[in-house]
Every structure is written in C-alpha cells, then in structure tokens.
S.K.: 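What follows is a single structure, and I will ask about it in a moment.
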Amino acid sequence: MSEEQSLNFIEEIVEADLAAGKYQSIVTRFPPEPNGYLHIGHAKSICLNFGLAQKYGGKTNLRFDDTNPVTEETEYVESIKNDVKWLGFNWAEELYASNYFDQIHGFAVRLIEMGLAYVDDSSSDEIAAQKGTPTQAGTANAYRSRTIAENLEFFEDMRLGKYADGEKVLRAKIDLASNNMHMRDPIIYRIKHAHHHRTGNKWCIYPMYDFAHGQSDAIENITHSVCTLEFIPHRELYNWFIEKLSIFPSKQYEFARLNMTYTVMSKRKLLQLVQENHVTGWDDPRMSTISGMRRRGYPAAAIREFCDRIGIAKRDNLIDISLLEFCVREDLNKTAVRRMVVFDPLKVIITNYTGEGEILHSENNPEDPNGGVREVPFSKEIFVERDDFMEEPSKKYFRLAPGQMVRLKSAYIIKCDDFVKDANGNVTELHCSYIPESKSGSDTSGINVKGTLHWVSALHAIAAEVRLYDRLFNVEDVANAEGDFKDYINKESLTVVPHAYAEPALLKDSMGVGFQFLRKGYFCADKESTPTKLVFNRTVGLKDTWAKEVKKGA
RNA sequence: UGCCUGAUAGUAUAAUGGUAGUACGACUGUUUUUGGUGCAGUUUGUCUUGGUUCGAAUCCAGGUCGGGCAACCA
C-alpha cells in the first residue's frame, strides 16, 4: 500500500509522542456531562477519541463529568451509554468524576497545606468584582491571607455541612493580576446541598470543572486529553494544578467543535426545544441528537463516515448538512431494500388486462447481486403517484400523459389512453392499456420508454403512515442569526402522509432495516410503528435532479 | 482598551521551504426498468502589505477580519 493518508494535527502529535517514546500506548477519554442527550457534535468527539485509541493501539474511557448534581440525571447517563455503543464504540472503562470525589478532596486539602488555596467568604458578586476585568488586575480581599490552619478548618466545616450554599468557597491562590482570567484565584470547590445521582447525599461540596477534569485525567493516566476550542484558556490552569499536585501529566489539546447548517448544537437549546414542545422529545427525528438521527434512520456507519470526512482542525467551521445527507445516502444506497409506496394515489385501470392478476418479482437491491427478490402482486387496477400524470406535459416530462408510455417498475409498459375528471376538474382515474409482451425480464416488445414508475396493486395495497421531515430551522447559521433562535424554527419541518399505499411485502419486512421507497427516498419504520399501523420516517430524500429541472423552468 | 486563538475554491480539509490536491456542492455528458446509482469531465482558492530565499500557502514583521476569555456551568 503506497496510499499516504494525511494526519490531522492531533494524530501528528500522537505519532510524534509515540515515536519519541513519551508513551508506550495512549489513553484517551470521552467526558460528557450527563445533563442532556448526545448530539452530532459529540459524535465528532467520540469518533476522534475512540478513533485515536483504535488507530494507535490504546484505550478510551467513557467518563461522566458529573460534578454538578443539580443538572445531572441517570436518564442522561443511560442515553449516553446507549448512543456511544450504537455508534459502534466500546469503552475500556465506565468511569465517573464522582468516583474520585475523595481523591479530589484530598488534592484540595493538599493545596491548602501548601498555602495554594484559601476559603473565601465573599459573595459571588463580590468575587466577580474583585476579579477585575481583562484589562484591569483583580484585587485581593482579606480572606486571601487566612492561615493554613484556618483554611483547613473552614474547608472541613464546609465539607461537614456547617454552611449554607454560597456562604463560602475554596479558591486556588494563584495570581489576581494574570492576563488569563481563569488564573485569578479560580473557585475550585463550592457548597451545594443537593442530591447527587451517584453519591447521593454524601457530599455537600463539589469540585468545579477545573478542579475535577484534569484531576480525573491524571488519575486515569489519560495521555491525550482532547477537548474543544473554548477550553484553551483553561489549559494554563489545567497544567498549574498538575504541576502543583505532582500528578500524572496529562496534556490537553483543543480542536474546533462541529457546527452544522440549519440546526442547533447546544444542549441548552436542544433542551429548550424539548421542554417547550417544539419537538416531540430528545429523539425527535428532526433533532441533531444521536438518538434523533437513529430514530430517523441514519446509519451509525454514515455518521462515522461523516465525522471522518469533516476532519479535525482548529478553525471555526459551519459544515453543510448536505454532506451528512450525502453520507447517509451513500450508505443506504448500498444496504436499503427497495420497496414501492405511493403517497398520493391516482387510480389506473388497465383496460386490456383480463387476467385475475399475477405475482411478479422485483429485486430487493440492484446494488446487491445477492439481495434476492420479493414478490409483488399485479392486477387490473393499480395506483400510481398523482404527479406522475400530466394532462398537458412539458417537453421533457417522461411520465404518464395522454398517449404517452411508461414502464411500471418490474412489470409492464403501459400507455395512457384516457383519463377521467370529476366535476371540479380533478383527474380521478387513468385508463391505460398494457403491452403483454413487455413483461419485465422477458420483454420482447422492442419498445423503449424513458420513464419508469413505482406503483402498487389497488387490490393488494396496505395502508401506512409516512412522516416526511424537513430541516428544523430555515436559516443556515442558526446560532449566529439575529434574535431568538426559536424565531427561525421551520413550521413545515414535519409533513404527515396519513394514508399511503404500500406494497404488501412491507408487512413481512423486519422493521430494523433501512428501506428505499422507489423514487421517494430512504425510510425506516418509526418506533411507533405496529403491525396493524405501519409508520415510516423519511430518513432522507433521493437526489432529485428532476425537481431541480422543474424549479429552473418555473 | 488587554490576553488567547485562528484565516487555503461555495463548504470542509491536505500540501510541514520545491507541480496548490481531495471530498461534498454546482454544472456537462454518459449509462440505467428508480429523473436514484455508477462512470467521465468542467468550474471556483492560498485575507492583506512588506521582508528573508534561487524558490513562500508554509519562515519573519506589520495590518485586516473571525472566534474565545471577566458562571459558586461544563
């Protein structure tokens, strides 16, 4: 293999570290806070962290960053585990920052003993004011010069629950004049009399992110701690604690988080969509969550492929959602079984068809020679799509029109002889004649037609509900659009087709697979689908050059 | 106003002092019993001004523009 694959900048760092013998093998981690469901942005991080370990023969921990008991819940923990697994990754260990609360508390005591932390009685407003501004140094208060003994005692009293929330905090004593605001005596422990989803009521003080994340990394011997760009200013602090505490020197590296067009990618906003019922839940198929995409029918492999294609870099980006859709189609084209479903039926009577009906066969997947065929019943009366007929066709319209011929997929060529209108002028019925010798597979008619239509036998059709999804927002860059992001919600993001006509094979199909409804797009059975009421989600449409053509003409 | 970051086709991402390439998008053509797929092709780019060098996307200096930083969130 002479194929040279270019590395992203983190892979370069890893390779350099390995080549220099800095580590024998690498350890990464994926560290979500269990305060919401995972979204496609997390998928990028998951693929990066797990991918690194896979590629370089290391391991990846799943670590829940659960240091804020008031926002975190077990429901989220379960959903996160489920999503990571579904994406196809196995973690070495399932860990929690809360596992380390004793050790982290010990680190805090050590810092106090070294004279590098102090208990501050100031209010949150006072602390903010004393921090100064980016251009003005902060000022020390009287608490900063408390003795080690005092600090030890007060911190212990904090732990014992002698104070109310907000009465006291523990701060690292670093540099109130630092250019980096995070170094101006950051708070490292706060009092929260709250129930924790894992440690219950054992603790009433909890470490802040900055005093838990790096410490957890060190405890787990994480070699490469990868996070997003907004943590760059935290790195100095991260390193300071590692140095002062003399713990394992994990290194933090930052990459640009994923932004995607026509969607939101923040847990806060996603939570809002759920709570205010703009969507039906975290797994609403329109959501950018992993669970939403799974329900919508996006294959895990397609999401992985997408994450691979967008790359890892440090500049801000806004990825076109059509790239994700491309990856979904690429995957589904190879795997989805083809079925025929008519959404907006128009009855066709095949006037010269005298038989009782017959069973025809159609390939499950033309891309897969081993995919086999299924049985498709044919009869004198069928349904085709309403927009597959035009009374006065344009020149490039290759479908049904008076006198025009088309092939019915896997069946016969038919010719439109006549049509029937109701009192309102709506076409209600087509009368066609078929060419008996044009039967699919044994066509001796010699006739070539330009159009092929999907269809279902009226006698054998089964009912199905079909849900069509469009983008949830109608502006590209939702996060940077002016005003409230909810003003940009696309009111037409869901269209329900309550009574589509489906071919009967669908009744016997297993529901976990991806379908392609011929000429309609890719679909999957929704979790609400039952044998008596089939419900399908449109995963993504087919590329539609005809629609483009029509648009151009209009 | 300070500090930290970043800037390559429409969107992403390579080229690590030596031919600016790839993918998606867009557009052509071709194949096709899905106006799908496949195949072939076209299109568009190094933020700017100087400097170093035989040679600069890459190194240096200044500028411009974008993002981040002053939560008892992560």
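Residue numbers begin at 1 in each chain, while the letters A, B, ... track the order of the sequences. Computed from a predicted structure; not experimentally measured.
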S.K.: According to a strict under-4.0 Å criterion, is A/Ser124 in side-chain N/O contact with OP1 or OP2 of B/C72?
M.R.: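 Yes, because at least one side-chain N or O of A/Ser124 sits under 4.0 Å from OP1 or OP2 of B/C72.
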S.K.: Kindly point out which of B/C73, B/C69, B/G35 is positioned nearest to the side chain of A/Met208?
M.R.: B/C73
S.K.: Determine the contact category for A/Tyr189: base if any of its heavy atoms lies under 4.0 Å from a base atom, sugar-phosphate if only primed atoms, P, OP1 or OP2 are that close, otherwise nothing.
M.R.: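 Contact class for A/Tyr189: none.
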S.K.: Let me see the working for A/Trp455 and A/Val348 under side-chain contact (heavy atoms from CB on, under 4.5 Å), right down to the final yes or no.
M.R.: CA-CA 10 Å; A/Trp455 54 275; A/Val348 173; over 6 Å; no
S.K.: Can a side-chain donor-acceptor contact be found between A/Glu254 and A/Thr228 if the only test is distance below 3.5 angstrom?
M.R.: no
S.K.: Counting only heavy atoms from other residues, nucleotides and ligands, does the tally under 6.0 Å from NZ of A/Lys415 exceed 12?
M.R.: no
S.K.: Could one point to a donor on the side chain of A/Arg399 or the base of B/G35 with an acceptor on the other under 3.5 Å away?
M.R.: yes
S.K.: For a quick test of reading the model: is some side-chain N or O of A/Ser6 closer than 4.0 Å to OP1 or OP2 of B/U13?
M.R.: no
S.K.: Name the nucleic acid region contacted by A/Thr545, choosing base, sugar-phosphate or nothing; use a 4.0 angstrom heavy-atom cut-off, strictly under.
M.R.: sugar-phosphate
S.K.: For A/Leu229 and B/G66, what is the distance between atoms CG and C1' respectively, to the nearest whole Å?
M.R.: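 The distance from CG of A/Leu229 to C1' of B/G66 comes to 12 Å, rounded to the nearest Å.
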S.K.: Answer yes or no: does a side-chain N or O of A/Arg190 lie under 4.0 Å from OP1 or OP2 of B/A74?
M.R.: yes
S.K.: Would the base of B/A71 count as contacting A/His182 through its side chain, where contact means a donor and an acceptor less than 3.5 Å apart?
M.R.: no
S.K.: For A/Leu518, answer base if it contacts any base atom (sugar-phosphate contacts may also be present), sugar-phosphate if it contacts only those atoms, and nothing otherwise; contact means non-hydrogen atoms under 4.0 Å.
M.R.: base
S.K.: Before you tell me yes or no, could you show the steps for A/Lys168 and A/Asp157 under salt bridge (Lys or Arg N to Asp or Glu O under 4.0 Å), namely the whole-Å CA-CA distance, both residues' side-chain angles and the distance that decides it to 0.1 Å?
M.R.: CA-CA 10 Å; A/Lys168 284 180 164 53; A/Asp157 286 345; over 6 Å; no
S.K.: For the pair made of CZ in A/Arg235 and P in B/G6, what is the distance, rounded to whole Å?
M.R.: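 The distance from CZ of A/Arg235 to P of B/G6 comes to 9 Å, rounded to the nearest Å.
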S.K.: Under a 4.0 Å threshold between the charged nitrogen and the carboxylate oxygen, would A/Asp175 count as salt-bridged to A/Arg184?
M.R.: no
S.K.: Determine whether a donor-acceptor pair (one donor, one acceptor, N or O, separation below 3.5 Å) exists between the side chain of A/Arg407 and the base of B/U33.
M.R.: yes
S.K.: Report yes or no: do A/Asn180 and A/Ser178 form a side-chain donor-acceptor pair below 3.5 Å?
M.R.: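 The criterion, which ignores hydrogens and geometry beyond distance, is not satisfied for A/Ser178 and A/Asn180.
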S.K.: 5'-most contact on RNA chain B: A/Thr133 or A/Lys314, nearest heavy atom basis?
M.R.: A/Lys314
S.K.: How many whole angstroms separate atom CG of A/Asp308 from atom P of B/A12?
M.R.: 18 Å
S.K.: Could you tell me which nucleotide pairs with B/A14 by Watson-Crick or G-U wobble geometry, both distances under 3.5 Å, or answer none if nothing does?
M.R.: none
S.K.: Using purine N1 to pyrimidine N3 plus N6-O4 or O6-N4 for Watson-Crick, or N1-O2 and O6-N3 for G-U wobble, both under 3.5 Å, which nucleotide pairs with B/C3?
M.R.: B/G68
S.K.: Please classify the nucleic acid contact of A/Arg309 as base, sugar-phosphate, or nothing, using heavy-atom distances under 4.0 Å.
M.R.: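 If one applies the 4.0 Å heavy-atom cut-off, A/Arg309 turns out to touch the sugar-phosphate alone, with no base involved.
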S.K.: Using a 4.0 Å heavy-atom cut-off across all strands, classify A/Gly451 as base, sugar-phosphate, or nothing.
M.R.: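 Nothing: the residue A/Gly451, judged by heavy atoms under 4.0 Å, touches no strand.
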S.K.: Taking the side chain of A/Asp544 as its heavy atoms from C-beta onward, which of B/U11, B/G35, B/A70 lies nearest to it?
M.R.: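 Of the options given, the side chain of A/Asp544 lies nearest B/G35.
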S.K.: Reckon A/Lys192 has a side-chain N or O less than 4.0 Å from the OP1 or OP2 of B/C73?
M.R.: yes
S.K.: Is A/Trp546 stacked against the base of B/G35, taking the criterion as centroid distance under 5.5 angstrom and interplanar angle under 30°?
M.R.: yes
S.K.: For A/Trp203 and A/His105, what are the C-alpha separation, side-chain angles and deciding distance, and is it a side-chain contact (heavy atoms from CB on, under 4.5 Å)?
M.R.: CA-CA 10 Å; A/Trp203 296 89; A/His105 174 262; 3.8 Å; yes
S.K.: Of the options B/C73, B/A12, B/C72, whose atoms approach the side-chain atoms of A/Ile127 most closely?
M.R.: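 In terms of side-chain proximity for A/Ile127, the closest of B/C73, B/A12, B/C72 is B/C72.
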S.K.: With rounding to the closest Å, how many angstrom separate the P atoms on B/C47 and B/A7?
M.R.: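 Comparing P positions in B/C47 and B/A7 gives a spacing of 9 Å.
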S.K.: Could you check A/Asp65 against A/Tyr209 for side-chain contact (heavy atoms from CB on, under 4.5 Å), going step by step and ending with a plain yes or no?
M.R.: CA-CA 8 Å; A/Asp65 233 335; A/Tyr209 166 84; 4.1 Å; yes
S.K.: Output the single nucleotide from B/U33, B/A70, B/G2 whose closest atom is nearest the side chain of A/Ser440.
M.R.: B/U33
S.K.: What is the pairing partner of B/U42, taking Watson-Crick or G-U wobble pairs with both distances under 3.5 Å in any strand?
M.R.: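 WC or wobble partner is B/A26.
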S.K.: Counting Watson-Crick and G-U wobble pairs only, both distances under 3.5 Å, name the nucleotide matched with B/A61, or none.
M.R.: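 With both distances under 3.5 Å, B/A61 matches B/U49.
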S.K.: Among the candidates B/A12, B/U1, B/A74, find the nucleotide nearest to the side-chain atoms of A/Ile319.
M.R.: B/A12
S.K.: Identify whether any heavy atom of A/Glu236 sits under 4.0 Å from a base atom; if not, whether one sits that close to sugar-phosphate; answer base, sugar-phosphate or nothing.
M.R.: nothing
S.K.: Assign A/Lys409 to base, sugar-phosphate, or nothing according to its heavy-atom contacts below 4.0 angstrom with the strands shown.
M.R.: base
S.K.: Which listed nucleotide (B/G35, B/C73, B/A12) is nearest to the side chain of A/Glu33?
M.R.: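 Of B/G35, B/C73, B/A12, B/C73 is nearest to the side chain of A/Glu33.
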S.K.: Looking for any heavy atom pair under 4.0 Å, which part of the strands does A/Tyr412 touch: base, sugar-phosphate only, or nothing?
M.R.: nothing
S.K.: Going by heavy atoms closer than 4.0 Å, what residues in residues 325-336 of chain A are next to RNA chain B?
M.R.: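 Per residue number, the list reads A/Phe326, A/Asn333.
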S.K.: Contact class for A/Asn180 vs. all strands (heavy atom < 4.0 Å): base, sugar-phosphate, or nothing?
M.R.: nothing
S.K.: For A/Ser362, answer base if it contacts any base atom (sugar-phosphate contacts may also be present), sugar-phosphate if it contacts only those atoms, and nothing otherwise; contact means non-hydrogen atoms under 4.0 Å.
M.R.: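 Nothing, no heavy atom under 4.0 Å.
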S.K.: Base, sugar-phosphate alone, or nothing: which one does A/Pro366 contact when heavy atoms must sit under 4.0 Å apart?
M.R.: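 Base contact.
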S.K.: Select base, sugar-phosphate, or nothing to describe what A/Leu318 touches, counting heavy atoms under 4.0 Å on all strands.
M.R.: sugar-phosphate
S.K.: Need the pair for B/U33. Rule: Watson-Crick or G-U wobble, both distances under 3.5 Å, any strand; none if unpaired.
M.R.: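 Across any shown strand, B/U33 pairs with none.
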S.K.: With a 4.0 Å cut-off on heavy atoms, is A/Ser178 in touch with a base, just the backbone sugar-phosphate, or nothing at all?
M.R.: nothing
S.K.: Using atom P of each nucleotide, how far apart are B/G18 and B/U11 to the nearest Å?
M.R.: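 Taking atom P in both B/G18 and B/U11, they lie 27 Å apart.
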S.K.: From CD1 of A/Ile104 over to P of B/A74, roughly how many Å is that when rounded to an integer?
M.R.: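 Taking atom P of B/A74 as the reference, CD1 of A/Ile104 is at 11 Å.
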S.K.: Please give, in whole Å, the distance from B/C72 P to A/Phe155 CZ?
M.R.: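 Spelled out: CZ on A/Phe155 to P on B/C72 is 17 Å.
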S.K.: Assess whether one donor atom and one acceptor atom, taken from the side chain of A/Glu254 and the base of B/G6, lie less than 3.5 Å apart.
M.R.: no
S.K.: Starting at CH2 of A/Trp455 and ending at P of B/U33, how long is that distance when rounded to a whole Å?
M.R.: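 In whole Å, B/U33 P and A/Trp455 CH2 are 18 Å from each other.
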S.K.: What is the distance, to the nearest angstrom, from the NZ atom on A/Lys548 to the C1' atom on B/C27?
M.R.: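 Spelled out: NZ on A/Lys548 to C1' on B/C27 is 9 Å.
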S.K.: Any side-chain to backbone donor/acceptor pair from A/Arg407 onto A/Ser438? Under 3.5 Å, distance only.
M.R.: yes
S.K.: If you assign A/Phe9 and A/Asp125 each to the RNA chain B nucleotide with the nearest heavy atom, which residue ends up on the more 5' nucleotide?
M.R.: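 Counting from the 5' end, the first nearest nucleotide belongs to A/Phe9.
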S.K.: Using the side chain to side chain donor-acceptor pair (under 3.5 Å) criterion, which residues pair with A/Lys55? Sequence neighbours excluded.
M.R.: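 For A/Lys55 the side chain to side chain donor-acceptor pair (under 3.5 Å) partners, ignoring immediate neighbours, are A/Glu11.
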S.K.: Think A/Arg339 forms a cation-pi with A/Phe515, using NZ or CZ under 6.0 Å from the six-ring centre and within 45 degrees of its axis?
M.R.: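 No; the conditions do not both hold, so A/Arg339 does not lie above the ring face of A/Phe515.
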S.K.: Roughly how far, to the nearest 0.5 Å, is the CG atom of A/Asp120 from the CZ atom of A/Arg146?
M.R.: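 So the gap between those two atoms works out to 7.0 Å.
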S.K.: Starting from C1' on B/A70, measure out to CE on A/Met183 and report it in whole angstrom.
M.R.: 15 Å
S.K.: Where the side chain of A/Lys543 is defined as all heavy atoms beyond and including C-beta, which of B/U33, B/U37, B/C72 is the nearest nucleotide?
M.R.: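 Comparing B/U33, B/U37, B/C72 against the side chain of A/Lys543, the answer is B/U37.
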